[in-house]
Amino acid sequence: MNIFPDQKTGYDLLHNGAIALSEVEANGLRIDTKYLRKTIVDMDSKIQSLIKDLYQTKLMKKWRKRFGPCTNINSRDQFGKILVEELGVELEETDHGQWKTDVLTVSRLDHPFVKAYLRIGKLQKAVNTYLRGIDSETMNGYLHPGFNLQTVETYRSSSNGPNFQNMPQPSKDFETGSMIRRSFIPRKGRVLLEADYSGVEVCVAACYHKDPAMIKYISDSTKDMHRDMAAQVYGIPIKEVTHELRYFGKNKFIFPQFYGDWYFACAKSLWAAAILDEHKTVKGIPVMRYLKRKGITCLGSLDPRADHPKDTFIGHLKAVEEDFWGRRFQVYGQWKKDWYESYQENGYARTYTGFILKGLMSRNDVINYPVQGSAFHCLLWSLAELVLNELRKAKMKSMIVGQIHDSLMGDVVTDEIEDYKCLLKEVMVDKLIKEFPWIIVPMKVEFDLYPKSWAEKEKE
DNA sequence: AAACAGTGCGCG
DNA sequence: AAAGCGCGCACTGTTT
């Protein structure tokens, strides 16, 4: 791994960023150690009792008979063999010929043993990776996660000891997310305040490809790309798109497509999300009924090389994809081709922020790396400006204590909340676009306030 | 005992 | 022709 700032701007960004991040590391986050210790003890005994229950099941008895003293429920190898040989189910294989046993694969079996097994695994992950990870790195009630600028291929950052950038979220898994984030508390007389750049990768991508249709979506708050695409993929009127269908359009079509996914995989996951689950539209009509009206009757062949006619969902998605890149975002589509061709000719690509991307990269890599890197650099520049200059100039006691790619975690004095928000907006939006003249779309910052702990947002 | 690859899972 | 991108960490099973 090599880091190549090829312009002074790139060098300065890393230089100031490294100094600012070391200050962030030194600040650290306050940890509720009493809660943390108690939760670890409680969870350990809870997990023990769940394992005891698991051992009472028939399948577990077969497992012990098969593996004797070597029995180990953490062994994926054993788990897969038991499912296939004792339960008689079919599983896909991993790259190296083991039975695949990840959540997505085995939860399809819909079996009570598998459910109990996965729950134990989830709780073990929560305790062993996160709670213990936090506990073992906490000194005198403070945790100091590391933030690195020299580890990532795309010129993003990483975090370790522990990794502050992958703490579970209550909105994704309430039980473990709340349990873990509850450990992070503000200092006395303060709140945790997170500021994030909303949709920053989409914005930065637009600065590279300059597609007018995309810029319009970003600049006009009455337009909604995710809603429009949900309507198109499911063949329903725009007014019929529910909150959930919009979510599928965003996370199962638009983002995967931006990162280089293809219609076949998108079709399968869109189908599983809304059709197998019998989702309904705003008016309560099943989505499937709309598809039937368009003559689409089934998902289609699961062989990617088979023919996918227009009356299958996969065939339909193929046409949607062609329309997406060939008509709707034609300029973006052309940019992807040109950008990759330029890399093939020259052997490298340049980012707006003063770095060179070189070495062997796939087409998707070449297209994604500059966007991922430059998006993070918007945050990094703002962070350095705040830590090294602005917070000090404003004589604020509030401090920045962490960073997650597109968000800044602040430990903010209660009396300073409004000033802090104001200063962050000024730096993250106004000063940033002066510093980075290549930004040609509006930037937006959003705040989340956590008065008690990181687990509980204050309602706006 | 330490190092390594493979697998899985948490986040943006 | 290929077929989402980037990380860190825990754990198993094998090799040194």
Side-chain angles (χ1 to χ4, degrees), chain A residues 1 67 70-80 92-106 117-118 121-134 136-137 145-173 176-177 180-181 194 196-202 204-205 251-269 304-305 317-318 321 336 340 344 357 361-373 375-376 379 402-408:
Chain A
M1 171 66 199
F67 288 99
C70 298
T71 301
N72 180 353
I73 61 166
N74 289 327
S75 165
R76 292 286 165 172
D77 183 45
Q78 292 181 19
F79 182 47
E92 298 148 48
E93 288 181 24
T94 66
D95 291 345
H96 291 76
Q98 286 186 49
W99 298 121
K100 208 154 170 49
T101 59
D102 62 316
V103 180
L104 212 70
T105 308
V106 301
Y117 180 90
L118 290 177
K122 189 182 83 174
L123 296 182
Q124 280 179 329
K125 169 103 175 152
V127 178
N128 295 343
T129 301
Y130 295 103
L131 297 183
R132 279 191 221 285
I134 296 165
S136 65
E137 299 284 357
F147 294 99
N148 317 298
L149 294 176
Q150 82 286 18
T151 56
V152 182
E153 202 82 22
T154 62
Y155 300 107
R156 244 199 195 177
S157 68
S158 71
S159 168
N160 69 331
N163 183 351
F164 182 67
Q165 296 176 323
N166 72 346
M167 294 294 165
Q169 287 208 102
S171 62
K172 293 187 181 169
D173 186 300
T176 56
I180 291 156
R181 294 203 178 198
E194 213 175 340
D196 70 287
Y197 275 121
S198 53
V200 66
E201 283 202 18
V202 174
V204 168
N251 291 309
K252 294 178 184 294
F253 186 79
I254 296 222
F255 280 123
Q257 285 288 328
F258 283 173
Y259 292 132
D261 208 351
W262 65 313
Y263 66 90
F264 182 79
C266 290
K268 283 201 290 185
S269 88
R305 304 171 73 171
L317 257 290
K318 187 176 182 194
E321 186 185 272
K336 295 209 293 184
Y340 182 50
Q344 286 180 308
L357 296 158
M361 289 181 276
S362 73
R363 182 176 178 278
N364 282 343
D365 292 342
V366 175
I367 289 159
N368 290 327
Y369 286 8
V371 176
Q372 190 177 99
F376 169 67
L379 187 91
Q403 163 269 122
I404 313 180
H405 310 303
D406 63 356
S407 82
L408 286 179

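Reminder, nothing fancy here: chain letters follow the sequence lines and each chain counts from 1.
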How close do A:S407 and A:E194 get, counting heavy atoms only, and between which atoms? OG-OE2, 3.2 Å
Compare every heavy atom of A:H405 with every heavy atom of A:F376, then report the nearest pair and how far apart it is. CD1-O, 3.5 Å
Integer-rounded Å distance: [N] [atom2] and [X] [atom1]:
X      : N      : atom1 : atom2 : value
A:R181 : B:dG10 : CZ    : P     : 13 Å
A:N163 : B:dC9  : CG    : P     : 17 Å
A:H96  : C:dT12 : NE2   : C1'   : 15 Å
A:E321 : C:dA3  : CD    : C1'   : 9 Å
A:Q150 : C:dC7  : CD    : P     : 12 Å
A:L123 : B:dC9  : CG    : P     : 14 Å
A:N160 : C:dC7  : CG    : P     : 13 Å
A:I404 : B:dC11 : CD1   : C1'   : 8 Å

[X] near the nucleic acid: base, sugar-phosphate alone, or nothing, with a heavy-atom cut-off under 4.0 Å?
X      : value
A:T176 : nothing
A:E201 : nothing
A:G121 : nothing
A:V371 : nothing
A:T101 : sugar-phosphate
A:D173 : nothing

Quick one: which of [options] gets closest to the side chain of [X]?
X      : options               : answer
A:N74  : C:dC9, C:dC11, B:dC11 : C:dC11
A:Q78  : C:dG6, C:dG4, C:dG13  : C:dG13
A:Y369 : B:dG6, C:dA10, C:dC5  : C:dC5
A:E153 : C:dG8, C:dA3, C:dG6   : C:dG6
A:N364 : C:dC11, B:dG8, C:dC5  : C:dC5
A:D406 : C:dC9, B:dG12, C:dG6  : B:dG12
A:S75  : C:dG6, C:dC9, C:dT12  : C:dT12

Would you say [N] has OP1 or OP2 under 4.0 Å from some side-chain N or O of [X]?
X      : N      : answer
A:S158 : C:dG8  : yes
A:W262 : C:dG4  : yes
A:N72  : C:dT12 : yes
A:K100 : B:dG8  : yes
A:Q257 : C:dA3  : no
A:K125 : C:dG8  : no

Could a donor-acceptor pair under 3.5 angstrom be found where the side chain of [X] meets the base of [N]?
X      : N      : value
A:N166 : B:dG10 : yes
A:R76  : B:dG6  : no
A:Q165 : C:dC7  : no

Roughly how far apart are A:W99 CH2 and A:D77 CG, rounded to 0.5 Å?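 Reported value, rounded in 0.5 Å steps: 11.0 Å.
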Between the side chains of A:Y259 and A:E201, does any donor sit under 3.5 Å from an acceptor? yes
Check whether any side-chain N or O of A:S159 sits under 3.5 Å from a backbone N or O of A:F164 as a donor-acceptor pair, and report yes or no.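 Side chain of A:S159 to backbone of A:F164: a pair is present.
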For A:Q78 and A:I73, indicate whether the former's side chain and the latter's backbone hold a donor-acceptor pair under 3.5 Å. no
Do the non-hydrogen side-chain atoms of A:Q372 and A:N368 ever get within less than 4.5 Å of each other? no
Does any nucleotide pair with C:dG4 by Watson-Crick or G-U wobble geometry, both distances under 3.5 Å, and what is it? none
